[in-house]
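Chain A is the first sequence line, chain B the second, and so forth, proteins listed ahead of strands; every chain is numbered from 1.
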Protein chains: 2
Amino acid sequence: MTRTVYVNGEYLSETDAKISIFDRGFLFADGVYEVVSVLGGKLLDFAGHMKRLRRSLAELELPSPAEDDELLAIHRRLVSENGLDEGLIYMQVTRGAADRDFLFPPKGTRPSLVLFTQAVALRDKPSAETGLRIASVPDLRWGRRDIKTVQLLYPSMAKMDAKRRGADDAWLVEDGVVTEGSSNNAHIVTADGVLVTRDLSHSILHGITRAAVLRLAAEENIPVEERNFTLDEAKSAAEAFITSASSFVLPVVEIDLHPIGDGKPGPIAKRLRQIYIAESEKTAI
Amino acid sequence: MTRTVYVNGEYLSETDAKISIFDRGFLFADGVYEVVSVLGGKLLDFAGHMKRLRRSLAELELPSPAEDDELLAIHRRLVSENGLDEGLIYMQVTRGAADRDFLFPPKGTRPSLVLFTQAVALRDKPSAETGLRIASVPDLRWGRRDIKTVQLLYPSMAKMDAKRRGADDAWLVEDGVVTEGSSNNAHIVTADGVLVTRDLSHSILHGITRAAVLRLAAEENIPVEERNFTLDEAKSAAEAFITSASSFVLPVVEIDLHPIGDGKPGPIAKRLRQIYIAESEKTAI
């Protein structure tokens with residue numbers, strides 16, 4: 001079965017889904033994206049993703065391809081056309097097609113809008129039970145990681161590097177401190193039961209799931225500290241975990257071959273995963 | 001008149017030239033490029049560009065889309081089909097189309113190959129006479145600028161920023177020292193007549209034109225120092241200029257509103273432009 005995808009106003013078979021070679025997403029990585037999760041055919045935290053999309057567009061002076069309600073309608077139609085019960089909806093906006101020039105194209109150039117679905121098991125993931133093994137990799141990305149651009153070559157290389165070293169994913173390290181995972185936010189729990197997570201800045205993505213989990217942690221009376229933590233502090237933490245729209249909360253059981261805590265998924269990570277899923281299902285639209 | 005362009009084995013009208021939305025060039029900026037200049041219908045330093053392409057592909061473990069002689073044949077056919085006398089040929093290679101995953105696609109995934117021409121005046125440029133005004137911009141790019149990837153969003157933003165500040169282009173500055181221009185290498189000439197240019201590393205692109213110009217400078221008995229130089233040193237230099245495949249050598253007459261030398265194109269920059277063009281025409285194929 002081929003998927004139905006959305007490209008600039010049209011619903012097409014994925015095999016016909018193409019964009020111009022002059023699209024600035026292709027030539028300059030001049031585009032941003034969001035990934036919305038789907039559980040039971042419903043969208044998780046759609047409003048949060050739209051808010052971040054608007055911020056990314058504004059930071060890059062990218063024109064808006066459509067209003068939120070139109071984007072919602074496209075998301076819902078793709079869920080319906082593809083019979084998507086559980087998985088992801090990927091959405092990308094670029095500055096559109098124009099003859100190649102480092103200068104932005106003239107005002108009025110139509111931004112490109114592309115969406116497609118991916119059917120993936122999100123709730124019942126083996127790694128939620130076994131935990132993830134992490135390999136650390138130097139963070140060589142650009143200076144505005146708060147903008148969710150498609151400049152994803154380095155995260156892709158970092159994940160490949162981790163995989164080759166026998167790990168499941170990479171944590172990126174800059175000046176000795178952990179910035180984030182290859183495509184997720186990184187968190188630890190100290191021996192005193194404090195959830196420690198990197199504070200927001202231009203250095204990391206402002207994760208939608210990160211924000212939700214911190215809110216839920218506070219409701220559970222788990223103390224939260226938003227600050228830098230070193231790779232060494234992470235290795236000797238009681239627990240570690242990641243958050244992202246597609247992984248929710250996943251425990252980390254090993255960093256650079258050092259077991260975290262007792263080498264099994266920690267209770268706080270497991271609890272946060274559980275309540276994040278329950279809360280998400282309640283509020284999905 | 002519409003151009004004929006090349007996309008994955010086919011010669012197409014530019015309006016039909018499309019790639020899959022699943023191309024990793026579009027989704028991950030997972031691709032590299034080269035720009036070859038054309039003078040009198042002939043290619044400038046094709047071998048140099050092929051050598052750098054091979055290096056970029058190797059650094060990213062990108063499969064080769066074709067042998068050098070096939071790529072040469074495509075370049076020549078595009079020159080011929082488009083009647084290109086003077087201008088550029090842009091070539092991009094990506095890791096090909098595959099369902100979205102940070103991990104590289106399976107071995108055997110066919111890389112994408114895209115080429116198109118741009119008719120541009122290269123020899124008689126007004127800026128060769130007037131010189132360029134430069135604005136400095138912090139260098140926020142990733143850590144592997146020696147690989148010629150399509151992660152060009154920041155250089156594009158930097159050039160826009162420079163334009164808005166009334167300048168023609170940007171020089172990127174990191175830790176007080178100049179790395180390079182938005183899409184060219186940066187050079188200065190000291191009061192003693194020494195050509196100073198940033199040394200090669202992961203911090204800058206290994207310019208094909210930079211290398212040719214340094215060789216020609218040596219032949220002209222101009223002393224060359226490959227080392228860091230600060231923005232302040234550049235502002236108080238006797239001359240400044242840029243090099244790139246598409247601009248050859250262009251004098252810089254102003255940096256952040258400070259005139260360079262007497263505020264006019266310097267004799268060494270003018271001389272190097274002249275002999276670079278003469279040499280290029282002699283060796284073009």
Side-chain angles (χ1 to χ4, degrees), chain A residues 3 5-7 12 14-33 35 60-61 88 90 92 94-95 99-104 112 114-116 118 138-144 147 149-160 163 169-170 182-183 202, chain B residues 3 5-7 12 14-33 35 60-61 88 90 92 94-95 99-104 112 114-116 118 138-144 147 149-160 163 169-170 182-183 202:
Chain A
R3 277 169 289 182
V5 306
Y6 176 95
V7 183
L12 302 165
E14 61 182 315
T15 53
D16 300 326
K18 297 186 173 186
I19 52 132
S20 168
I21 62 165
F22 296 101
D23 193 282
R24 289 180 60 93
F26 185 66
L27 298 180
F28 289 98
D30 189 0
V32 298
Y33 74 105
V35 179
L60 299 181
E61 303 170 65
L88 308 171
Y90 176 89
Q92 181 169 333
T94 80
R95 209 178 301 271
D99 200 18
R100 187 174 184 275
D101 191 336
F102 279 76
L103 293 174
F104 294 170
S112 294
V114 166
L115 292 93
F116 58 83
Q118 290 183 300
D139 195 342
L140 299 188
R141 296 172 301 160
W142 78 319
R144 290 301 305 273
I147 310 173
T149 77
V150 295
Q151 295 181 118
L152 295 175
L153 176 55
Y154 189 69
S156 177
M157 291 164 72
K159 194 157 186 179
M160 279 305 290
K163 208 80 181 180
D169 205 346
S182 66
S183 58
H202 289 178
Chain B
R3 278 170 287 183
V5 305
Y6 176 94
V7 183
L12 301 165
E14 62 182 314
T15 53
D16 300 327
K18 298 189 172 184
I19 52 132
S20 168
I21 61 166
F22 296 100
D23 193 283
R24 289 181 60 94
F26 185 66
L27 298 180
F28 289 99
D30 189 1
V32 299
Y33 74 105
V35 179
L60 299 181
E61 303 170 66
L88 309 171
Y90 175 89
Q92 181 169 333
T94 79
R95 209 178 300 274
D99 200 18
R100 186 174 185 276
D101 190 336
F102 278 76
L103 293 175
F104 295 170
S112 295
V114 166
L115 291 92
F116 58 84
Q118 290 183 299
D139 195 342
L140 299 187
R141 295 172 301 160
W142 78 318
R144 291 301 305 273
I147 309 173
T149 77
V150 295
Q151 295 180 119
L152 296 174
L153 175 56
Y154 190 69
S156 177
M157 292 164 70
K159 194 155 187 181
M160 280 303 291
K163 208 82 181 179
D169 204 347
S182 67
S183 58
H202 288 179

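- Of the atoms belonging to D16(B), not a single heavy atom falls under 4.5 Å from chain A.
- Using a 4.5 Å cut-off between heavy atoms, K159(B) touches chain A through backbone and side chain atoms alike.
- Per-residue heavy-atom pair counts under 4.5 Å with chain B were compared for D99(A), T149(A), D101(A), and the maximum is reached by D99(A).
- Of the residues considered (Y154(A), Y33(A), W142(A)), W142(A) shows the highest number of contacts with chain B, using heavy-atom pairs under 4.5 Å.
- Under the salt bridge (Lys or Arg N to Asp or Glu O under 4.0 Å) criterion, R141(B) pairs with D139(B), E180(B), sequence neighbours left out.
- In this structure, chain A has heavy atoms under 4.5 Å from both the backbone and the side chain of Q151(B).
- In terms of heavy-atom pairs under 4.5 Å with chain A, the best-connected choice from S156(B), S182(B), A29(B), G143(B) is S156(B).
- Chosen from R95(B), Q92(B), K163(B), E61(B), the residue pairing most often with chain A at heavy-atom distances under 4.5 Å is Q92(B).
- Two rings, from Y6(B) and F116(B), have their centers 6.0 Å or more apart.
- Across every non-hydrogen atom of F104(B) and L60(B), the tightest pair is CE1-O, 4.1 Å.
- The side-chain hydrogen bond (donor to acceptor under 3.5 Å, both in side chains) search around R144(B) returns E59(B), D146(B), H202(B), not counting sequence neighbours.
- Nearest heavy atom pair, residue L103(A) against residue R24(A), reads O-NH1, 3.4 Å.
- L152(B) and L27(A) get closest at one heavy-atom pair: CD1-O, 3.8 Å.
- When V114(A), T94(A), L88(A) are compared by the number of non-hydrogen pairs under 4.5 Å with chain B, V114(A) comes out ahead.
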